[in-house]
Amino acid sequence: MEHADEVMTLCVDAYMCHVRGMRVAIEDMEMEIADHEQSLALMGVDYSRSGGGKPTSDKLPDGIAKLLALRDRLAEQHARCSMEIAYARQLCRGNEDLRALWMHEVDRSTYSEVGRVLGCSAMTARRRVGQGRRLMYMMMPEQWRRDAIPN
């Protein structure tokens, strides 16, 4: 069954963009948690402004509650996305063209960077990414071939 290159490109790019988006969402949440953990180290009771009287309120319990909520959201995000990301990653293993596609579309490497890793020129890397798109189109989940381009 022959498919137009433009259709294959649009469908594969939509699928790879979806995978990249899931990875980025998880990475963003991990960075938000790391930033919040760092800010917790600075929280505590402030005795300097009290003038010898009652100390100001302690923000640490609220900060810990927020951290726990963030970690719960991250766990939910991991549960929702990790299997899909792992499946897409597995599709790209064992073939240099699919590896080139993953590096270019998901890792956002340039053709020069892909070529450097694969030991070829940027132009050859570009061709390999194109070949990877054709292979991925046949292997990716059916919904991405069907739903990426509305009728």
Side-chain angles (χ1 to χ4, degrees), residues 1-44 46 57-151:
M1 177 161 97
E2 284 295 315
H3 297 94
D5 284 341
E6 296 84 16
V7 171
M8 285 192 280
T9 297
L10 286 171
C11 293
V12 170
D13 287 352
Y15 178 59
M16 299 307 274
C17 183
H18 172 71
V19 172
R20 181 178 61 248
M22 288 187 297
R23 276 186 42 179
V24 168
I26 289 172
E27 291 168 1
D28 286 348
M29 289 188 77
E30 288 171 346
M31 285 185 355
E32 185 179 353
I33 287 172
D35 290 344
H36 191 71
E37 284 175 338
Q38 189 164 0
S39 72
L40 281 178
L42 303 175
M43 288 184 181
D46 183 10
S57 65
D58 185 1
K59 296 180 183 178
L60 192 58
D62 292 337
I64 291 172
K66 182 178 177 184
L67 178 64
L68 293 174
L70 285 172
R71 286 186 177 167
D72 286 345
R73 278 186 31 222
L74 178 64
E76 290 170 10
Q77 185 85 353
H78 265 290
R80 189 171 47 251
C81 300
S82 62
M83 289 185 64
E84 260 188 273
I85 294 170
Y87 178 74
R89 185 70 182 121
Q90 186 63 36
L91 290 177
C92 292
R93 288 206 168 104
N95 182 295
E96 291 294 306
D97 295 338
L98 290 168
R99 182 177 176 207
L101 176 68
W102 181 272
M103 289 178 357
H104 182 68
E105 293 295 329
V106 178
D107 293 338
R108 304 305 284 170
S109 300
T110 64
Y111 291 119
S112 296
E113 293 167 339
V114 172
R116 207 171 306 119
V117 171
L118 298 180
C120 61
S121 70
M123 195 55 142
T124 302
R126 185 183 181 104
R127 275 188 241 119
R128 291 193 118 168
V129 169
Q131 291 289 78
R133 274 194 184 98
R134 288 190 255 319
L135 290 170
M136 178 58 75
Y137 183 78
M138 298 303 165
M139 297 178 354
M140 69 185 189
E142 174 66 28
Q143 74 184 50
W144 291 97
R145 288 191 294 270
R146 188 179 60 239
D147 297 339
I149 301 175
N151 291 334

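When a residue number appears, it is its place in the shown sequence, counting from 1.
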Enquirer: Measure the spacing between CZ of R73 and CD of E32 and express it to the nearest 0.5 Å.
Expert: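 Rounded to the nearest 0.5 Å, the CZ-CD separation comes out at 5.5 Å.
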
Enquirer: Would the distance check show the side chain of R134 and the main-chain N or O of M8 forming a donor-acceptor pair, the cut-off being under 3.5 Å?
Expert: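 Checked: no pair found.
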
Enquirer: So H104 and Y111, would you call those rings parallel, tilted or perpendicular, with 30° and 60° as cut-offs?
Expert: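 It falls in the parallel class, under 30°.
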
Enquirer: Heavy atoms only: give me the nearest A100-V129 pair and the separation to one decimal.
Expert: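 Closest approach of A100 to V129: O-CG2, 3.6 Å.
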
Enquirer: Please step through salt bridge (Lys or Arg N to Asp or Glu O under 4.0 Å) for the pair R116 and E113, ending with a clear verdict.
Expert: CA-CA 5 Å; R116 207 171 306 119; E113 293 167 339; 5.2 Å; no

Enquirer: Can you measure from NE2 (H36) to CE (M29) and round to the nearest 0.5 angstrom?
Expert: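 Between atom NE2 of H36 and atom CE of M29 there are 12.5 Å.
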
Enquirer: Could you give the distance from CZ (R126) to SG (C120), rounded to the nearest 0.5 Å?
Expert: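 Separation between the atoms: 13.0 Å.
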
Enquirer: Measure from the side-chain N and O atoms of R133 to the backbone N and O of L101, and report whether any donor-acceptor pair falls under 3.5 Å.
Expert: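 Between the backbone of L101 and the side chain of R133 there is no qualifying donor-acceptor contact (under 3.5 Å).
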
Enquirer: On a heavy-atom basis, which atom in L98 and which in G132 lie closest, and how many Å separate them?
Expert: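 Looking at all heavy atoms of both residues, the closest pair is CD2-O, 3.4 Å.
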
Enquirer: Would you compute the distance between atom CZ of R80 and atom CD1 of I26 and round it to the nearest 0.5 angstrom?
Expert: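 Output value for this atom pair is 8.5 Å.
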
Enquirer: Could you report the tightest heavy-atom contact between A88 and V19, atom names first, then the distance?
Expert: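 Between these two residues, the closest heavy atoms are CB-CG2, 3.7 Å.
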
Enquirer: To the nearest 0.5 Å, how far apart are CD1 in I33 and CG in D28?
Expert: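 Atom-to-atom, I33:CD1 and D28:CG are 11.5 Å apart.
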
Enquirer: If we check salt bridge (Lys or Arg N to Asp or Glu O under 4.0 Å) with D107, which of these qualifies: R23, R89, R20?
Expert: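 Of the listed residues R23, R89, R20, the salt bridge (Lys or Arg N to Asp or Glu O under 4.0 Å) partner of D107 is R23.
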
Enquirer: Under a 4.0 Å threshold between the charged nitrogen and the carboxylate oxygen, would R145 count as salt-bridged to E142?
Expert: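 Salt bridge: yes.
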
